[in-house]
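Since the structure comes first, as structure tokens, the remarks are kept for the end.
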Amino acid sequence: MTAISEPSRAIDCLVNVHFGENKQPEWMVRARDDYFKGPASMFAPVEMSALLDEMDANGVHKAVLMDNLTKPSVTARKFVAERPDRFALAMGGMNLLRPVPALRELSAIAAELPVVYAVVGPSFWGDGQYPPSDAVYYPLYAKCAELDLPLCVNTGIPGPPIPGEVQHPIHLDRVCVRFPELRLCMIHGADPWWDVAIRMLIKYRNLRLMTSAWSPKRLPESLLHYMRTRGADKIIFASDWPVLRMNRVVPEARGLDLPAEVLDKYLYRNAHDFFFADRGDVPEQEN
């Protein structure tokens with residue numbers, strides 16, 4: 001058995017195995033059909049063996065599965081229970097309008113399960129009326145900082161037909177100023193505000209950006225230039241599987257015009273250091 005060489009290793013930081021558990025809302029169906037042009041199988045139930053096969057074929061050591069406090073994913077929690085060496089959780093679904101019970105539950109779940117980050121999408125709750133600079137998020141920021149639990153926030157115009165203004169990355173400017181202890185990550189890119197996101201990344205030590213839901217070959221040259229220069233430690237890979245399959249995006253990432261060290265940081269090391277450090281190392285995986 002041959003160990004995966006370092007430039008080939010990867011962590012996929014955003015994987016959805018819950019889509020097949022319930023009927024998807026109409027706006028998600030429209031996003032699949034109109035925006036991503038995805039197949040009907042995007043919302044099909046997931047077999048762990050098939051997902052592990054795709055991970056192994058692409059050198060993905062570990063995948064972070066989306067979960068939800070309000071509607072727990074049976075599939076995600078089953079996968080984590082059976083293969084904690086390969087899977088961890090990202091926890092969303094916090095009711096920020098009634099934060100005290102929600103954040104008590106987040107604390108309890110984070111202590112019980114391998115939750116490596118919390119997640120919130122400003123366009124996806126509260127009718128898209130609360131930008132991340134709004135005080136409604138402050139209890140969540142304080143709790144994540146207290147737990148040293150990274151928080152991921154959707155940035156960029158979302159694919160589904162819902163309001164997108166609240167996901168402008170500039171709304172995180174005040175957050176980074178007021179919560180320098182908070183490990184914060186923009187997810188799903190930052191289109192069409194990439195340059196603003198890059199300026200924010202330069203400005204704040206505690207901020208990262210994840211390229212989930214973005215085909216690596218579609219990433220803007222300004223971001224790739226930043227990765228080659230002063231931003232090698234700031235950009236994190238993810239697929240948003242099955243919206244984009246690992247079979248597609250991992251090879252595309254390896255085909256980017258990036259030095260080997262930068263590519264390894266993008267695919268593996270940055271995620272390891274930001275999400276998994278001090279939470280148990282990600283084991284080296286053999287084929």
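Just so you know, these numbers use all the heavy atoms, side chains as well, and skip hydrogens, waters and symmetry mates.
Every residue two or more places apart in sequence or in another chain was checked for a salt bridge (Lys or Arg N to Asp or Glu O under 4.0 Å) with Asp53, and none qualifies. Residues forming a side chain to side chain donor-acceptor pair (under 3.5 Å) with Asp240 (at least two apart in sequence, or on another chain): Asn16. Here Trp241 pairs with nothing under the ring-ring contact (aromatic ring centres under 6.0 Å, His included) rule; sequence neighbours left out. Remark: His171 pairs with no residue by the ring-ring contact (aromatic ring centres under 6.0 Å, His included) rule, at least two apart or across chains. Scanning for salt bridge (Lys or Arg N to Asp or Glu O under 4.0 Å) contacts around Arg178 gives an empty result, with sequence neighbours left out. Take Tyr204 and apply the ring-ring contact (aromatic ring centres under 6.0 Å, His included) test, not counting sequence neighbours, and it matches no residue. Residues that satisfy the ring-ring contact (aromatic ring centres under 6.0 Å, His included) test with Tyr226, not counting sequence neighbours, are absent from this structure. Shown here are the side chain to side chain donor-acceptor pair (under 3.5 Å) partners of Glu252, two or more places apart in sequence or in another chain: Ser215, Arg248.
Shown here for Pro131 and Tyr137, the closest heavy-atom pair between the two residues is O-CE1, 3.0 Å. The minimum heavy-atom distance between Val262 and Ala232, with the atom names listed, is CG2-CB, 4.1 Å. The two residues Ile236 and Arg208 make their nearest non-hydrogen contact at CD1-CB, 4.1 Å.
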Show which side-chain atoms of residues 149-167 pair as donor or acceptor with protein atoms under 3.5 Å away, not counting sequence neighbours.
| unit_1 | atom_1 | unit_2 | atom_2 | d |
| --- | --- | --- | --- | --- |
| Thr155 | OG1 | Gly189 | O | 2.6 |
| Gln167 | OE1 | Ser123 | N | 3.1 |
| Gln167 | OE1 | Ser123 | OG | 3.3 |
| Gln167 | NE2 | Gly156 | O | 2.7 |

Which pairs of donor and acceptor atoms, one on a side chain in residues 109-121, lie under 3.5 Å apart (sequence neighbours left out)?
| unit_1 | atom_1 | unit_2 | atom_2 | d |
| --- | --- | --- | --- | --- |
| Tyr117 | OH | Cys13 | O | 2.7 |

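Between Arg218 and Asp191, no side-chain nitrogen of the basic residue sits less than 4.0 Å from a carboxylate oxygen of the acidic one, so the salt-bridge criterion is not met. We find that Arg228 and Glu261 are not joined by a salt bridge, their nearest charged nitrogen and carboxylate oxygen being 4.0 Å or further apart. Remark: Lys62 does not engage Asp12 in a salt bridge, criterion side-chain N to carboxylate O under 4.0 Å.
For Lys265 (side chain) and Asp233 (main-chain N/O), no donor-acceptor pair under 3.5 Å exists by modelled atom type. Side-chain N or O atoms of Asn95 include none that pairs as donor or acceptor with a backbone N or O of Ala102 at under 3.5 Å. Side-chain atoms of Asn58 never come within 3.5 Å of backbone atoms of Val60 as a donor-acceptor pair (strictly under, hydrogens ignored).
Identified under the ring-ring contact (aromatic ring centres under 6.0 Å, His included) test for residues 78-97, with sequence neighbours left out: Phe79-Phe87. Counting only residues at least two apart or on different chains, no salt bridge (charged side-chain N to carboxylate O under 4.0 Å, His left out) pair has a member in residues 95-107.
Other residues, nucleotides and ligands contribute at most 12 non-hydrogen atoms within 6.0 Å of the CZ atom of Arg199.
From Asp273, atom CG reaches atom CD1 of Ile11 across 8.5 Å, with rounding to the nearest 0.5 Å. Taking OG of Ser239 as the start and CG of Leu244 as the end, the distance is 7.0 Å to the nearest 0.5 Å.
Side-chain atoms of Val64 and Val15, non-hydrogen and from C-beta on, never get closer than 4.5 Å to each other. Contact annotation: the side chain of Cys176 never approaches that of Lys203 to less than 4.5 Å [non-hydrogen atoms, C-beta and beyond].
Donor-acceptor pairing under 3.5 Å is lacking for the side chains of His18 and Thr75.
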